[in-house]
Every structure is written in C-alpha cells, then in structure tokens.
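Some notes on the structure that comes next.
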2 protein chains.
Amino acid sequence: MRFAPGMPIFDEGESAAALYNVTSGTVKLYKHLPDGRRQITGFLFAGDFLGLAVKETYSYSAEAVSETYVCRFPRQKLESVVRDFPHFQQRLYSIASNELAVAQDQMLLLGRKAAKEKIASFLLTLSARAVRRGQPATPVALQMGRSDIADYLGLTTETVSRSFTQLKSAGVIRLMEGNKVDLAERDRLQEIAEGN
Amino acid sequence: MRFAPGMPIFDEGESAAALYNVTSGTVKLYKHLPDGRRQITGFLFAGDFLGLAVKETYSYSAEAVSETYVCRFPRQKLESVVRDFPHFQQRLYSIASNELAVAQDQMLLLGRKAAKEKIASFLLTLSARAVRRGQPATPVALQMGRSDIADYLGLTTETVSRSFTQLKSAGVIRLMEGNKVDLAERDRLQEIAEGN
DNA sequence: CGAGCGATTGAACGCTCTCAAAGTGAGTGG
DNA sequence: CCACTCACTTTGAGAGCGTTCAATCGCTCG
C-alpha cells in the first residue's frame, strides 16, 4: 500500500485489523490529549513494524511523514500463520520487547534531558538507525518537520529551532540543503546527549 | 525471594538471567544518566512481571520500594517451558505489548502534561491498578516517596509536593495518614489529568 | 512575481527548578 | 517517657529554561 505525506494509516481507537511493515518512507506514531496537545511516540523507517497490539483497537495513530509504502498483514491471516509457525510468535515478542526498551530510553529523554541534550540524542538515534538500514552515519536526512521533532521530544518548534542553531554555532553539526544534518563532531554530540 | 525496601533486584547492564513476577510489595524500574539524573520507567505491584528482555543484559535497574516478594523464573527453564507450551510465548507477547501501550501513555504524560496534570494522572493510574488487584479505588496508598514520584513524572520532589498541596487545597484530594490519598473528587481529578 | 507555509529569530512571560530553611514523624537511646 | 537524631516532606524566595506571542526570513509552487 502507498501513502502520500500526511495521509493517516490508522487512527487511535480504530479496530486493530492489521499489522504493517514499512517497506520504504517514514511514518510517525502519536497520541493526542483532548485539547490538542500531541506526543509523537515514534518514527518508523523501512523495516519497522507498526500495529503490534493485542488489544481490539489501536492505542495510537499512525501517519505517513514522507511518501511511504507499507506491507499490510491482516490480523486473521497473521494469527493463522502464527499458529502454524510458532517461531513467528517469538519474533513478534522480540520486536515488542525491543520497542519497549526503546520506549524506556525515550522516557529518560522526555523526563530528564534538557532541550539541547534531546536534540543531540535525537540526531544520534537517527544516525544509528540509518546505519542499521545500510545508510551512512552522516549526514542524517530529517524527513520530518520541526513541529514533528518538537512533538517527539516534548518541546516547541521554536526551541527545536534554537537548539539546532546552538549546535550549529558550536560547530557540532552542520545544517545542509535538503533538510540534512552533518554530524560534524559525533563525539561531542554524544557527550552533549549524555549531559556533558 | 524476599527483598527489603531499597534492595536491588537487578541492575542495568547485568546479564538478564531470569524473569520475575511480583507476588507482593512494590518495585520500581529505572534508568540513570551518567551525571546521576534518574528516570523511573515504572512501578510494579503484585501480579506484574519484570525482566522481560530478549537482549542479553537488562536495559534498566529494578529495586524493591517496600518489602517485596517475587517469584523468579530462570531464563533457561522459561525457554524450555515456552518450547513445550507455545501458548506461553503468546502470553509473554501479550504482556510486552501491553507494557508498550502503557509506556506510550507515559511518554504523553512526560512530554506534554503540566505538573498538576501529571500528579492527577498518576493518582488515577494507581487507583485503577489497585482496583485491578481487587483493592478499593480510594484511598490510594503511596508506597513510594516523593522523590520516586518525582523521578517517575519528570519533576522534582518540591514540585510534586507543591502539586499535592494545590490539589488538596482545591478539595480534589485529601492527604491521609499512612501516606494514603483519598480521591475525593475523582471526576474533577480526571478532568485535571486531561488538561481541563 | 506573489502567495503561503515552515523555519528562524526576538522579546517577555511563567512554570518549574534550584537553593535554603522550617516542619514532621519514626526510630533510638538515655 | 522524653529528648535527640535523621530522613523525608513542605514551604519560601529567587533564578532560569523553555514557552508564548510576534515578526521576519526563505523556500516552493502556482
């Protein structure tokens, strides 16, 4: 299935009818408060899964950030596959367990890191994930806008922008055309991410 | 196994040798930054599991908050049980998937809620979990100290204390002896938790 | 070339933190 | 039984970081 930028893949509360795998592109997962405040709980890239849920409905919304292709596994079929190949269940557990560890790192970031530390951590995480997909560690391509980054890190777009500027002024990163960021001083960025 | 208050159950980075189930008591899970800042990622009560990890080492530390009894399942044995009873694998997946949803709620709290909203949400969550364990919805017993609550909600002890005082002054809650909190106006508390 | 959206920059405010002190309660020993 | 200690909580005052509100900049697209 193809999704254009900004298109919803599914919404919080919808019946959880399928599991998806991102083939290419970028997806964001998010939750809303009644008054409109938003928290993005994760960005997904090629190879990532979404829709892992035991519940009857999705507990978050998913939306394409850039042009995205996903592979859809209807829940019924998935369940029959799992019955025939118990190994798949183990794989699902492994994925969920891994996402849980990522979520806990993100809690540490949201609860205890300062703005500049959040941005530094974010860039390093994106870089590491790019490497895992076989892409170079730098420059990092930011598929998402400042407002998505802000809602992911628990900040405002203005603070995100200011933090980027500060890191740029310090020579730690370089903002390039095409919304790419060159991690000029990766070690220094690592130190900043950890609070030094 | 028995753990006195403050005793570590396992530490981040340790070899993940076992899965635990809390029989009685309270456990906190947390992560540290190099400079000592701490984020508590969860509190566990009777019936909750800890140590769900596919990785070789634990990605967080676990410590008893009150006197706690846990049931320990060595990983090896667990794996053989899972091999013989594939249904267990499904159960593990279900638990992990559920914790993931809880973690996402917590991200929304940490990233987007104000101090008073965080406290209100916290009290309601504790109450709901107490009900699930067959206990009354109110009063809620706070097994953990202010500093643990602060590190769970991404606040300081002072702010936690002040927020409690504000909610008390507004008549929404009542602070009782034995570190119990009476949710006098549950509806109002719910509204505050959601930002109204 | 103008419209429009997102990003950046600026100025001022306010929520939460920091630092400090006082209050409270449980446990200990005289 | 009471004074004392120690840890934790509460309260106060002031500062700072990130937000809010607002304006400008820059790019893309029609």
For nucleotides 24-30 of chain D, just jot down a letter per nucleotide in 5' to 3' order: B, S or -, based on protein non-hydrogen atoms under 4.0 Å. -------
Could you tell me whether a side-chain N or O of [X] sits under 3.5 Å from a main-chain N or O of [Y], the two making a donor and an acceptor?
| X | Y | result |
| --- | --- | --- |
| A/Asp35 | A/Arg37 | yes |
| A/Lys113 | A/Ala193 | yes |
| A/Thr68 | A/Val27 | no |
| A/Ser147 | A/Thr157 | no |
| A/Ser66 | A/Gly25 | no |

Nucleotide N/O to protein N/O under 3.5 Å, stretch nucleotides 6-12 of chain C:
from   : atom 1 : to       : atom 2 : distance (Å)
C/dA7  : OP1    : A/Arg146 : N      : 2.9
C/dA7  : OP2    : A/Arg146 : N      : 3.4
C/dT8  : OP1    : A/Arg146 : NH2    : 3.2
C/dT8  : OP2    : A/Arg146 : NE     : 2.7
C/dT8  : OP2    : A/Ser161 : OG     : 2.9
C/dT8  : O5'    : A/Ser161 : OG     : 3.0
C/dT9  : OP2    : A/Thr165 : OG1    : 2.6
C/dG10 : N7     : A/Arg162 : NH1    : 2.9
C/dG10 : O6     : A/Arg162 : NH2    : 3.3
C/dA11 : N6     : A/Arg162 : NH2    : 3.3

Taking [atom1] from [X] and [atom2] from [N], how many angstroms apart are they, rounded to a whole number?
| X | N | atom1 | atom2 | result |
| --- | --- | --- | --- | --- |
| A/Arg112 | C/dC17 | CZ | C1' | 10 Å |
| B/Leu155 | D/dT10 | CG | P | 14 Å |
| A/Leu153 | D/dT19 | CG | C1' | 15 Å |
| B/Lys116 | C/dG14 | NZ | C1' | 14 Å |
| A/Ile119 | D/dC17 | CD1 | C1' | 14 Å |
| B/Glu117 | C/dC15 | CD | P | 12 Å |
| A/Lys113 | D/dG18 | NZ | C1' | 18 Å |
| A/Leu110 | D/dC17 | CG | P | 20 Å |

Report yes or no: is the cationic atom of A/Arg129 (NZ for Lys, CZ for Arg) closer than 6.0 Å to the six-membered ring centre of A/Phe43, at no more than 45° off its axis?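 No, cation not above the ring by the 6.0 Å, 45° rule.
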Enter the distance from B/Lys31:NZ to A/Arg112:CZ here, rounded to the nearest 0.5 Å.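 Rounded to the nearest 0.5 Å, the NZ-CZ separation comes out at 15.0 Å.
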Under 4.5 Å between any side-chain heavy atoms of A/Ser97 and B/Leu52, yes or no? no
What does A/Gly154 touch in the nucleic acid at a heavy-atom separation under 4.0 angstrom: a base, only the sugar-phosphate, or nothing? sugar-phosphate
Would you say B/Glu63 and B/Tyr30 are linked by a side-chain donor-acceptor pair, where the criterion is simply a distance under 3.5 Å?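 Yes.
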